[in-house]
Novice: 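Structure in structure tokens, see below.
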Amino acid sequence: MSYFSELINKRESTREYQNTPVEDIKLERCLEAARLAPSASNSQPWTFIVVNEPQLKDQVAKATFSKAVSFNKFTLEAPIMIAIVTEKSKITAQMGNFLKNQQYNLIDIGIATEHFCLQATEEGLGTCILGWFDEKKIKSLLSVPNNKRINIVISLGYPVDTPVREKIRKPMNQILRYNSYK
Ligand SMILES: Cc1cc2nc3c(=O)[nH]c(=O)nc-3n(C[C@H](O)[C@H](O)[C@H](O)COP(=O)(O)O)c2cc1C
């Protein structure tokens, strides 16, 4: 199997973290991988806020779960959280949004997020992409202006050493068509 296929199989959502700090150089390589991601009109519509100050990190983690919806409680264990601020695309991509009824900046941050996560896997780190969080709270904690969006938060840290889980995915014949949808 090629190294890339192995990497894709190894990447999984990490929901148990060790208490080990993440080396700056590893974090920087993950951020560099995200920085190099492609984007519509090369807009690069993102700002990455690394939250590594422990008390602030805990506050951000607490904004990803509540008593009623507690599935993101594991984020308290992660030493780092990254909030991705979705910036405006370049005017050409914005025109594309309008004319083609698309949201290219969301597509772009999705790609950058996966670049980040795959590099983290290569570094022996674990990530979990989070879409469920109190956006208003996190924006306030991180001084993000009200008119901006945070669509993705990523937890990052060393995973507890467990075997890679089998991927639960739809079978290929359910998701693939050749030449026609029907
Ligand atoms: C946009 C997006 C939002 C997600 N939000 C959460 C989340 O809030 N909490 C969580 O535990 N996992 C979240 N996940 C992780 C998915 O549940 C996970 O990727 C999926 O179940 C496949 O499992 P795997 O990542 O281990 O391969 C999110 C993933 C994506 C792409």
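Order of appearance sets the numbers: ligands from 1, and atoms from 1 within every ligand. Please read all numbers here as calculations on a predicted model, not as lab measurements.
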Novice: Who pairs with K57 by side-chain contact (heavy atoms from CB on, under 4.5 Å), at least two apart in sequence or on another chain?
Specialist: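 By the side-chain contact (heavy atoms from CB on, under 4.5 Å) rule, K57 matches V51, A61, M81.
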Novice: Does ligand 1 have any N/O pairs with the protein under 3.5 Å, and how far apart?
Specialist:
| unit_1 | atom_1 | unit_2 | atom_2 | d |
| --- | --- | --- | --- | --- |
| ligand 1 | 5 (N) | I129 | O | 3.3 |
| ligand 1 | 5 (N) | G131 | N | 2.9 |
| ligand 1 | 8 (O) | N72 | ND2 | 3.2 |
| ligand 1 | 8 (O) | G131 | N | 3.3 |
| ligand 1 | 8 (O) | W132 | N | 3.3 |
| ligand 1 | 9 (N) | N72 | OD1 | 2.7 |
| ligand 1 | 11 (O) | R15 | NE | 2.8 |
| ligand 1 | 11 (O) | R15 | NH2 | 3.3 |
| ligand 1 | 11 (O) | N72 | OD1 | 3.4 |
| ligand 1 | 12 (N) | R15 | NH2 | 3.1 |
| ligand 1 | 14 (N) | I129 | O | 3.0 |
| ligand 1 | 17 (O) | R15 | NH2 | 3.3 |
| ligand 1 | 19 (O) | S13 | OG | 3.4 |
| ligand 1 | 25 (O) | R11 | NH1 | 2.9 |
| ligand 1 | 25 (O) | R11 | NH2 | 3.2 |
| ligand 1 | 25 (O) | S13 | N | 3.3 |
| ligand 1 | 25 (O) | S13 | OG | 2.6 |
| ligand 1 | 26 (O) | S13 | N | 2.9 |
| ligand 1 | 26 (O) | R165 | NH2 | 2.9 |
| ligand 1 | 27 (O) | R11 | NH2 | 3.0 |
| ligand 1 | 27 (O) | R169 | NH2 | 2.8 |

Novice: Which other residues end up in the same hydrophobic cluster as L99, if Ile, Leu, Val, Met, Phe, Trp and Tyr are linked when side-chain heavy atoms come under 4.5 Å apart?
Specialist: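 Members besides L99, by chain and number: F98.
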Novice: Under the criterion salt bridge (Lys or Arg N to Asp or Glu O under 4.0 Å), I'd like the reasoning laid out for R11 against E114: C-alpha separation, chi angles, the key distance, then a yes or no.
Specialist: CA-CA 10 Å; R11 196 239 28 103; E114 185 63 353; 3.8 Å; yes
Novice: How does the hydrophobic cluster around F71 look, that is, which other residues are in it when side-chain heavy atoms under 4.5 Å mark a link?
Specialist: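 Members alongside F71: V69, W132.
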Novice: How about N151 and T86: does a side-chain donor come under 3.5 Å of a side-chain acceptor?
Specialist: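 Their side chains do contain a donor-acceptor pair, which is all the 3.5 Å distance test asks for.
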Novice: Can K10 and E122 be said to form a side-chain contact (heavy atoms from CB on, under 4.5 Å), step by step?
Specialist: CA-CA 9 Å; K10 220 169 138 199; E122 161 142 326; over 6 Å; no
